[in-house]
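Both backbone and side-chain heavy atoms feed into the values below; hydrogens, waters and symmetry mates do not. All of these numbers come straight from a predicted model, not from anything done at the bench. Here is how names work: the chains are called A, B, and so on, in the same order as the sequence lines, proteins then strands, and each is numbered from 1.
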Amino acid sequence: MRLSKLFFQTLREVPADADVVSHQLMMRAGMIHQIAAGIFDFLPLALRTKQKIEEIFRAEMDAIGGQEVTLPMVHPAELWQKTGRWYQIGSDMARFRDRNDREMVLGMTHEEIMADLVKKYIKSYRQLPTMLYQIQTKFRDEPRPRAGLLRVREFTMKDAYTFDRDEAGIDSYYPHFYQAYFNIFRRAGIDVVAVKSDTGMMGGRMAHEFMALTEIGEDTLVLCPSCGYSANRQVALFRKPDPPAEDPLPLQEVATPGVTTIAALAEFLQVEPSATAKAVFLVADIEQPDGKVQEQFVFCVVRGDMELNETKLTNAIRARRLRPATTPEIQAVGAEPGYGSPVGVHREAMWLVVDDLVARSPNLVAGANRAGYHLLNTNYGREYSADQVVDLAAASDGHSCLHCGAPLYTARGVEVGNIFKLGTKYSIAMGATYLDENGEEKPIVMGSYGIGSGRLMAVIVELHHDEAGIQWPITVAPYQVMLVSLATEKTPEVTAAADQLYAELLAAGVEVLYDDRDERAGVKFNDADLLGIPIRLTLGAKGLKNGVVEGKLRRSGESFTFAVSTAVAEVQALIAAEIARIQATVLPVPFED
RNA sequence: CGGGGAGUAGCGCAGUCUGGCAGCGCACAGCGUUUGGGACGCUGGGGUCGUAGGUUCAAAUCCUAUCUCCCCGACCA
């Protein structure tokens, strides 16, 4: 491609709306253009990279038995009503009516549609397992799109679905995806960690998220440096410290005027925060046995040195959603904000959930449920008992690893992919069943597996750039080679040589972007750095006089001198070396169950 | 949905407080000089000042409403 003809424009200045690096660089490189919050145009350079990423998806999916299909992105509401997600999902789902007043949705994911499809075609255990995938547009009306391509409303996703006879079937398929995902990300030039994750609205038994570690990530990960344990903080487990071995002491009320935080309480009483109990008041939407959703006041207790993990709580009490309780609601159950404890509250008006460590810790300081007073020496089972005793605490830096005891650390990550064991939720709802060897009708066991192409592209830029611009890994670069001609009006021989080299590179099958523009050298070099094409070839009057063309690797700055006559072969070797360098990172990964 | 910021040429911004010809830089077009890391000169094109209503002799500027975008939070397969 000749740069003089390419539909693009580089920007010298950073667009005001862009504040993460990947967004800035892709805007400046003329790759993307925003038309609304979280909705982008992909220009030719971006599209080439997106297509390369998607070719990697196809190769890895095909390698584990996938067959590509394309399902619509407009769905009748009926399919979503069958699984109940029509009712569960809020305004993230874009809904509209067609001309005949039928309710329709824009697809946010395709479990329903896939289950509906296989229902018609899969009848026998002989047809299982099957894996279908597509690369398709999704629309999710996110409340807050942000950070360029990292969090958008309309996006392309590779979503794959497995169909197995039983749990054992998916248990054996799932690790293939786990490996394929590592292969995909490594072939795209990034490293990821797989973490156990919450199954959220997808439901299901097991899920992993593939996280790229970067400061701009929205998720917090908990990692063990010793045994490799890794989990999203939402579900991360840790080994709780042993509570001190003390005999229960008599309950005692003390005046603590104006002391409403754990830190202030610890300071005032000269005790460790770990010797206190923290009360958290929430209101949960709980689905009742009759299907109606009711609000329930939830009183949570964790130790003062720990934080409540709302995902753990949500799962423990099977809540639809949580919100903080208001002061009147808190007082209505006999508690007092800042001085709350489960001692002496109206137990019948609440669901009381206590962290297991609190239940095991003797003589904790807790609120007295009246302003200005706390209680010393509260003991679970003596002053109060709970509706549920479960793990509610959020894992943090320095906590001990559940498996090996080493201190955990936290890191920020961007979720670039996920894999779910879905079970039979969708197949039962849609009636997707098969007959087994005994002629018995059984629901198909499903899994679903997603990767967003645009987000992955943005993450690659986040992880591969410098001050001057992008540094594309060669496997996903829009072009492999950028040929920069430094010809001027006075050096037509340079133009001729560059034209010829361009033609030879094209003929040799090299993906080459040819900067034939009438620009000064500085402009061309700066644009080349910005676009981040991995190999730059420079042909100018000086070099040509000596019969040489200069080569340079964008990622390292390493430079080479090639004879013009052998340049094509040298470049091909360089491309092969760059590809091999990335391919060398694609290795077997042990499956962490 | 809560808090904050911003809408003026394709991009970055000034002008708004204190109403009075709509500007600057980049980009774009033409001509000339230049030509290995974002050249220079001259000339030129491009604007419903987010939208609607109001106040006023006069509104980018004041008032009211509204839309949009960005950031933090809530939310998020």
A6(B) pairs with, by Watson-Crick or G-U criteria that keep both distances under 3.5 Å: U68(B)
Partner nucleotide, any strand, of U33(B) [Watson-Crick/G-U, under 3.5 Å]: A39(B)
Protein-nucleotide distance (Gln24(A), atom CD; C70(B), atom P), rounded to Å: 14 Å
Touch class at under 4.0 angstrom, heavy-atom based, for Lys552(A) against every strand present: base
Leu25(A) side chain near Leu530(A) side chain, heavy-atom distance below 4.5 Å: yes
Touch class at under 4.0 angstrom, heavy-atom based, for Glu519(A) against every strand present: nothing
Sugar-phosphate, base or nothing in reach of Phe210(A), heavy atoms under 4.0 Å: nothing
Verdict with supporting geometry, Glu112(A) and Lys82(A), salt bridge (Lys or Arg N to Asp or Glu O under 4.0 Å): CA-CA 8 Å; Glu112(A) 280 83 356; Lys82(A) 280 189 185 167; over 6 Å; no
Earlier contact from the 5' end, RNA chain B, for Ala521(A) and Asp219(A): Ala521(A)
Partner nucleotide of C28(B) by Watson-Crick or wobble geometry (both distances under 3.5 Å): G44(B)
Interatomic distance where CG belongs to Asn526(A) and C1' belongs to A27(B) [whole Å]: 16 Å
Polar pair under 3.5 Å, donor/acceptor by atom type, side chain Arg536(A), base G37(B): yes
Side chain of Asp527(A) (C-beta onward), nearest among G37(B), G38(B), C70(B): G38(B)
Sugar-phosphate, base or nothing in reach of Val14(A), heavy atoms under 4.0 Å: sugar-phosphate
Enumerate all atom pairs, one protein N or O and one N or O from nucleotides 72-74 of chain B, separated by less than 3.5 Å.
unit_1 : atom_1 : unit_2    : atom_2 : d
C72(B) : OP2    : Arg144(A) : NH1    : 3.2
C72(B) : OP2    : Arg144(A) : NH2    : 2.7

Pair assignment for G73(B), Watson-Crick or G-U wobble, requiring both distances under 3.5 Å: C1(B)
Interatomic distance at C1', A27(B) relative to U66(B), whole Å: 33 Å
Length of the line joining Phe8(A):CZ and C11(B):P, which is rounded to integer Å: 17 Å
Sugar-phosphate only, base, or nothing, as touched by Ala147(A) at under 4.0 Å among non-hydrogen atoms: sugar-phosphate
Single hit among Tyr181(A), Phe182(A), Tyr174(A) for ring pair (Phe, Tyr, Trp, His ring centres under 6.0 Å) with Tyr178(A): Phe182(A)
Value in whole Å for how far the C1' atom of C75(B) lies from CZ of Arg153(A): 15 Å
Options U34(B), C70(B), G38(B), nucleotide nearest the side-chain atoms of Arg520(A): U34(B)
d(CG, Asp17(A); P, G4(B)) in whole Å: 20 Å
Spacing between Glu489(A) atom CD and U35(B) atom P, to the nearest angstrom: 11 Å
Touch class at under 4.0 angstrom, heavy-atom based, for Gly543(A) against every strand present: base
Inter-nucleotide C1' distance (U51(B), G7(B)), Å rounded: 11 Å
Sugar-phosphate, base or nothing in reach of Lys524(A), heavy atoms under 4.0 Å: nothing
Pair assignment for U55(B), Watson-Crick or G-U wobble, requiring both distances under 3.5 Å: none
Ala37(A), nearest nucleotide to its side chain (from C69(B), G38(B), C13(B)): C69(B)
Sugar-phosphate only, base, or nothing, as touched by Pro324(A) at under 4.0 Å among non-hydrogen atoms: nothing
Beyond-backbone contact of Met108(A) with Lys138(A), side-chain heavy atoms, under 4.5 angstrom: no
Lys421(A) side-chain N/O to Asp171(A) backbone N/O, donor-acceptor pair under 3.5 Å: no
Intermediate values then yes/no, ring pair (Phe, Tyr, Trp, His ring centres under 6.0 Å), Tyr161(A) and Tyr133(A): CA-CA 6 Å; Tyr161(A) 303 82; Tyr133(A) 72 96; over 10 Å; no
Atom-to-atom span, CZ of Arg323(A) to C1' of C1(B) - whole angstrom: 13 Å
Cys300(A) and Leu313(A): CA distance, side-chain angles, deciding distance, side-chain contact (heavy atoms from CB on, under 4.5 Å) verdict: CA-CA 9 Å; Cys300(A) 310; Leu313(A) 174 67; 3.5 Å; yes
Contacts of Tyr449(A) that satisfy ring-ring contact (aromatic ring centres under 6.0 Å, His included) - sequence neighbours left out: Phe177(A)
Length of the line joining Glu13(A):CD and A14(B):C1', which is rounded to integer Å: 13 Å
Side-chain donor/acceptor contact of Gln9(A) with base of G10(B) under 3.5 Å: no
